[in-house]
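Contents: one structure, followed by commentary.
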Amino acid sequence: MEKKKARFETEVIHAGYSNDEHQGSLVPPLYQTSTFTFANAEQGERRFAGKEEGFIYSRLGNPTVKILENKMAVLEKGEAALAFSSGMAAVSAVLMALTKTGDHILCSQGVYGCTFGLMELLKDKYGIGHNFSLMDSKETLENDILPNTACIYIETPINPTMKLVDLEMAARIASERGIPVVVDNTFCSPYLQTPIELGCDIVIHSATKYICGHGDVIAGLVIGKKEFIETVSRTTQKDIGGIISPFDAWLLLRGIKTLPVRMDRHSANAAHLFEFLRSHEKVDSIYFPGDPEHLDYEIMKKQMKQPGGLISFTIKGTKETAQKFINHLQLIKIAVSLGDAETLIQHPATMTHAVVPEEERRKMGIENTLLRLSVGLEAWEDIREDLEQAFDKI
Ligand SMILES: Cc1ncc(COP(=O)(O)O)c(C=O)c1O
């Protein structure tokens with residue numbers, strides 16, 4: 001009998017794991033081992049030759065990690081997944097698997113600072129070029145694709161300006177040309193957005209963020225077609241080696257069970273704080289996908305379940321005003337990263353996007369007065385009161 005398809009809230013707890021295969025253990029066991037023993041030399045030979053299934057060495061696969069990968073493939077509606085030691089290990093393994101010298105990457109106008117740094121490195125050392133595209137219409141995207149474009153790389157919402165890209169449109173245009181679309185889905189998690197269902201090919205996560213949810217792991221994930229995932233597993237993951245530790249995979253398996261509950265609360269808290277910030281006299285501009293006046297509000301409604309837990313805003317004044325403001329916060333912590341239980345605030349121009357040259361930063365919309373708030377799970381009234389008292393001091 002075919003297994004009944006469960007809802008997301010159920011899959012996030014049960015998918016990818018079978019208690020029967022692990023002595024009935026309710027929770028996935030932690031296989032904290034570097035290597036696996038073979039019954040005999042012939043078995044070792046068969047496993048290395050791919051003629052027998054089974055684990056060999058934890059850089060090539062590990063049972064705890066496999067449970068996480070199977071679960072993520074289900075949640076992101078992909079065929080297979082791979083876990084990495086960081087979001088950047090995932091981004092670099094994917095980009096290096098998709099490109100070769102002479103190729104071109106078309107990137108959304110705004111990406112995480114280290115993704116920008118990686119693209120610069122690929123250009124300078126390996127001759128793989130890139131351009132940034134607004135991707136705000138069919139015409140813009142079509143015009144920006146070059147004959148040697150090997151992949152389209154999209155963050156949506158874009159970090160930290162919260163602009164959105166219409167993923168269905170991008171996937172349609174790319175597939176007509178046989179170009180894979182890679183989406184960094186870190187800001188949404190599969191609970192809010194599933195790019196593969198919209199026609200995109202590969203999803204990347206900094207699992208450090210909402211997937212983990214507890215601020216205690218650095219990790220990355222890649223989800224896509226089985227064939228692509230197998231290629232990455234055999235090449236840029238195995239040979240560069242940015243694999244996740246079994247313990248970190250175990251922590252992610254623990255954290256992810258509450259993803260829908262956490263995302264609902266992050267989003268609800270953010271919606272309250274948006275209402276407070278949008279009308280504050282010391283706030284200049286505000287960027288939140290749930291803002292009906294947001295340029296991409298219609299895209300948000302089309303492809304995201306909720307606007308999410310991140311709000312960016314500019315403060316009236318200078319870079320120093322913004323710094324002074326965050327220095328006065330008490331409950332809210334000054335820290336990069338996002339998606340944790342704790343509310344975090346950071347100054348992208350001098351922190352996450354400091355590596356991006358000023359001119360490029362301005363094109364991405366990252367002003368010196370811009371702050372990014374990752375709304376946590378505390379009572380929203382307490383977060384508001386903390387913001388209020390800090391505003392009063394500038
Ligand atoms: C959107 C996005 N992608 C990728 C990364 C990189 O992830 P990691 O820090 O896990 O390497 C980050 C980190 O902040 C991010 O915000």
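In listed order, ligands and their atoms are each counted from 1. The first residue of the sequence shown is numbered 1, and numbering continues consecutively from there.
Counting atoms of ligand 1 from 1 in the listed order, those under 4.0 Å from a heavy atom of Asp184 are 1 (C), 2 (C), 3 (N), 4 (C). Applying the 4.0 Å criterion to heavy atoms of Ala219 picks out, from ligand 1, the atoms 10 (O). Of all atoms in ligand 1, listed by their number and element, those nearer than 4.0 Å to a heavy atom of Ser206 are 4 (C), 5 (C), 6 (C), 7 (O), 8 (P), 10 (O), 12 (C).
When hydrogens are left out, the protein atom nearest atom 5 (C) of ligand 1 is Tyr112 CD2, 3.4 Å; that is the closest non-hydrogen contact. The protein heavy atom nearest to atom 16 (O) of ligand 1 is Asn159 ND2, 3.2 Å. Among all non-hydrogen protein atoms, the one lying nearest atom 10 (O) of ligand 1 is Thr208 OG1, 2.6 Å.
A donor-acceptor contact shorter than 3.5 Å links the side chain of Thr208 to the backbone of Ala219. Between the side chain of His22 and the backbone N or O of Gly24 there is no donor-acceptor pair closer than 3.5 Å. Looking only at distances, no side-chain donor or acceptor of Ser108 sits under 3.5 Å from a matching main-chain atom of Ile154. Under the 3.5 Å distance criterion, the side-chain polar atoms of Thr64 are matched with a main-chain donor or acceptor of Pro29.
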task: Evaluate the criterion side-chain hydrogen bond (donor to acceptor under 3.5 Å, both in side chains) for residue pair Thr343 and Glu378; output intermediate values, then yes/no.
output: CA-CA 8 Å; Thr343 297; Glu378 303 97 336; 2.6 Å; yes

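Ring pair Trp250/Phe247 is parallel by interplanar angle, where below 30° counts as parallel and above 60° as perpendicular. Taking the six-membered ring where the residue is Trp, Trp380 and His272 present parallel rings, their angle staying beneath 30° rather than reaching 60°.
Between Val91 and ligand 1, no N or O atom pair is found at a separation short of 3.5 Å. By the 3.5 Å distance cut-off applied to N or O atoms, Arg372 is not counted among the residues near ligand 1.
Proximity annotation for atom 14 (O) of ligand 1: of Lys209, His205, Met88, Lys209 comes nearest, heavy atoms only.
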